[in-house]
2 protein chains.
Amino acid sequence: MDAVRARQEPIDLGPLPGLLGHLLRRAHGRMQAGFAEATSGRGVTASEFALLCLVEANPGITLGQLAQAAALDKSTLSPAMQRLTERQLVERQPVSGDRRTQALRLSPEGTALLPSLKASVDDYEGRMVSPLSEQERTTLLSLLRKLNGL
Amino acid sequence: MDAVRARQEPIDLGPLPGLLGHLLRRAHGRMQAGFAEATSGRGVTASEFALLCLVEANPGITLGQLAQAAALDKSTLSPAMQRLTERQLVERQPVSGDRRTQALRLSPEGTALLPSLKASVDDYEGRMVSPLSEQERTTLLSLLRKLNGL
DNA sequence: TATTGTTATACTCTATAACTATA
DNA sequence: TATAGTTATAGAGTATAACAATA
C-alpha cells in the first residue's frame, strides 16, 4: 500500500445535507447534549422530562396509555417509570376494578420540580433555535409535528 | 393508597408538541427504524451509511477530518471505522509525512455497495416524508440545515 | 508539548421476546 | 385466551478520559 498525501481540499458533505435522516440525527444530538447541560444536576434526562410532562398533563394515566402518548414501547417505559418512582417524582396508585394496572401521577416532589425544569428547557430551546427567526421556528415545529403525525 | 379509576379522557400531550427537542426525538426515532428496515440484510447502520457517503465524497480524508464533517467525536468514529474496515468497505492507506494518520477511501466492495444503499435510502426517505408536500419537504430540510449550521 | 488515533469505560435510548399476574 | 406490566437481553449511538505513537 503506497503512502499518499492527506486530503487538503475542503470537506464535501455529499448527499448528507439532502437527507432528512442525517439532518435529524445531527439536530437531535445537539438538542440532547444541550438538554443535559441545561438541566445538569437535576438528574432528569430528556426522555424522563417528556414523561413527567405527560404524567402532569394526564393525571391517572396508565403505563400503556403513556407508551402510546410518548410513542415508546411499554418495555422501554417500564424501567423508566421505575426510576421516576424510585426518585419519588411519580406515584403509582392501584386502579379499582383492574389489579393489573396502576394510575400514574406526579408526587409533590415531582410537581415541585417540574416548573423549574420547564423553565430551563424553554431557555435552552430558545438558545438552540437562535439561528432561526421566530417565524422559521414556528414553521419548523409545525412541519415536524406533521411529519410525526401530530 | 386508595384505588382510583383509570383515566378515560383523551391524552393531552401538554407542552411536548411545542418542544423542538421532543419533536426531533420522535422524528429521529422513526427515521432510524425506517432506515434499519429499508436496508436490512446489508448490515450497515444509518451512522455507518453517513460515514460511507463522506468517505466516498472525500477520498483520502483522515479520521479527524471525518469526525469534524460528521459532527462526532473521534472516539466515536474510531471503532466505527474499525468495523467498516473489518467489513472491507473502507481501506486505510499510510500518509507520507505523518505516520500518525491514515487516508481513508472506499474499497471496491464499498464502492459497489454504496449505490444500492443510496437507492434504498432515497426510497425510504420518500416514504417517511410522504405526509409532507414537496415544498414542505424542501422547507423542512432547509430549516434543519440552518439549525445545524450547514 | 501538541496532535492523531485507540482504548477503556460509562451512559442513554430503544426494542423483541419471554414471562407473571390478572382479566 | 387476551391484556398490563415486568424482566432479560441485545443493539445502536454517543462521550470523557487516559493512553501510545508520532510530530
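Everything numeric in this text was worked out from a predicted model, so none of it was measured. So that the names make sense, note that chain A is the first sequence line, chain B the second, and so on, each numbered from 1.
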Notebook entry, point to check: Toward the 5' end of DNA chain D, which comes first, A:Asp98 or A:Asp73, by nearest nucleotide?
Noted result: A:Asp98
Next item on the list: Give the rounded distance in Å between these two atoms: CG of B:Leu72 and C1' of D:dA12.
Entry: 13 Å
Next item on the list: Could you tell me how the ring of B:Phe35 sits relative to the ring of B:Phe49: parallel (under 30°), tilted (30 to 60°) or perpendicular (over 60°)?
Entry: tilted
Check: Hey, does A:Ala46 reach any base, or is it just sugar-phosphate, or nothing, if we go heavy atoms under 4.0 Å?
Finding: sugar-phosphate
Notebook entry, point to check: A:Gln32 side chain N/O closer than 4.0 Å to the phosphate oxygens (OP1, OP2) of D:dA15?
Noted result: no
Checklist line | Among D:dT14, D:dG5, C:dT4, the one nearest B:Thr101 by side-chain distance | finding: C:dT4
Check: What is the distance, rounded to the nearest whole Å, between atom CD of A:Gln68 and atom P of D:dG5?
Finding: 12 Å
Next item on the list: Check whether any side-chain nitrogen or oxygen of B:Arg99 sits under 4.0 Å from OP1 or OP2 of D:dA23, and answer yes or no.
Entry: yes
Notebook entry, point to check: Across the strands shown, which category fits A:Thr76 at heavy-atom distances under 4.0 angstrom: base, sugar-phosphate, nothing?
Noted result: base
Item checked: Along DNA chain D (nearest heavy atom to each residue), the more 5'-positioned of A:Met81 and B:Ala71 -> A:Met81
Notebook entry, point to check: Please give, in whole Å, the distance from C:dA15 P to B:Arg30 CZ?
Noted result: 13 Å
Note to self: Using a strict threshold of under 4.0 Å (side-chain N to carboxylate O), is an ion pair present between A:Arg137 and A:Glu134?
What the structure shows: yes
Next item on the list: Verify, without hydrogens or angle tests, whether A:Ser133 (side chain) and A:Glu136 (backbone) share a donor-acceptor contact under 3.5 angstrom.
Entry: yes
Next item on the list: Record whether the side chain of A:Arg100 comes under 3.5 Å of the base of D:dT3 through a donor-acceptor pair of N or O atoms.
Entry: yes
Check: What about B:Ser75, does its side chain sit under 3.5 Å from the base of D:dT16 through a donor-acceptor pair?
Finding: yes
Notebook entry, point to check: Once you round it to whole Å, what is the distance between P of D:dA12 and CG of B:Leu51?
Noted result: 14 Å
Check: Just how far, in rounded Å, is P of D:dA20 from NZ of B:Lys74?
Finding: 14 Å
Checklist line | Worked check of side chain to side chain contact (heavy atoms under 4.5 Å, CB included) between A:Leu104 and A:Leu51 | finding: CA-CA 11 Å; A:Leu104 305 170; A:Leu51 297 180; over 6 Å; no
Item checked: B:Val55 to B:Leu106 - nearest heavy-atom pair and separation -> CG1-N, 3.6 Å
Margin query: With a cut-off of less than 4.0 Å, is there a side-chain N or O of A:Arg92 near OP1 or OP2 of D:dT6?
Written below: yes
Notebook entry, point to check: How would you label the contact of A:Thr45 with the nucleic acid (heavy atoms, under 4.0 Å): base, sugar-phosphate, or nothing?
Noted result: sugar-phosphate
Note to self: What is the separation between atom CD on B:Glu37 and atom C1' on D:dG11, rounded to the nearest whole Å?
What the structure shows: 17 Å
Item checked: Whole angstrom value for the distance that separates P of D:dG13 from NE2 of A:His28 -> 13 Å
Note to self: Taking only side-chain N and O atoms of B:Ser47, does any of them lie within less than 4.0 angstrom of OP1 or OP2 on D:dT14?
What the structure shows: yes
Item checked: Atom CD of A:Gln68: over 12 foreign heavy atoms under 6.0 Å -> no
Next item on the list: Rounded off to whole Å, could you give me the CG-to-C1' distance for the A:Leu24 and D:dG13 pair?
Entry: 15 Å
Notebook entry, point to check: Given C:dT6, is OP1 or OP2 found less than 4.0 Å from the side-chain N or O atoms of B:Ser78?
Noted result: yes
Notebook entry, point to check: Heavy atoms under 4.0 Å, any strand shown: does A:Leu77 hit a base, just sugar-phosphate, or nothing?
Noted result: nothing
Notebook entry, point to check: Any side-chain N or O of A:Gln82 less than 4.0 Å from the OP1 or OP2 oxygen of D:dT7?
Noted result: yes
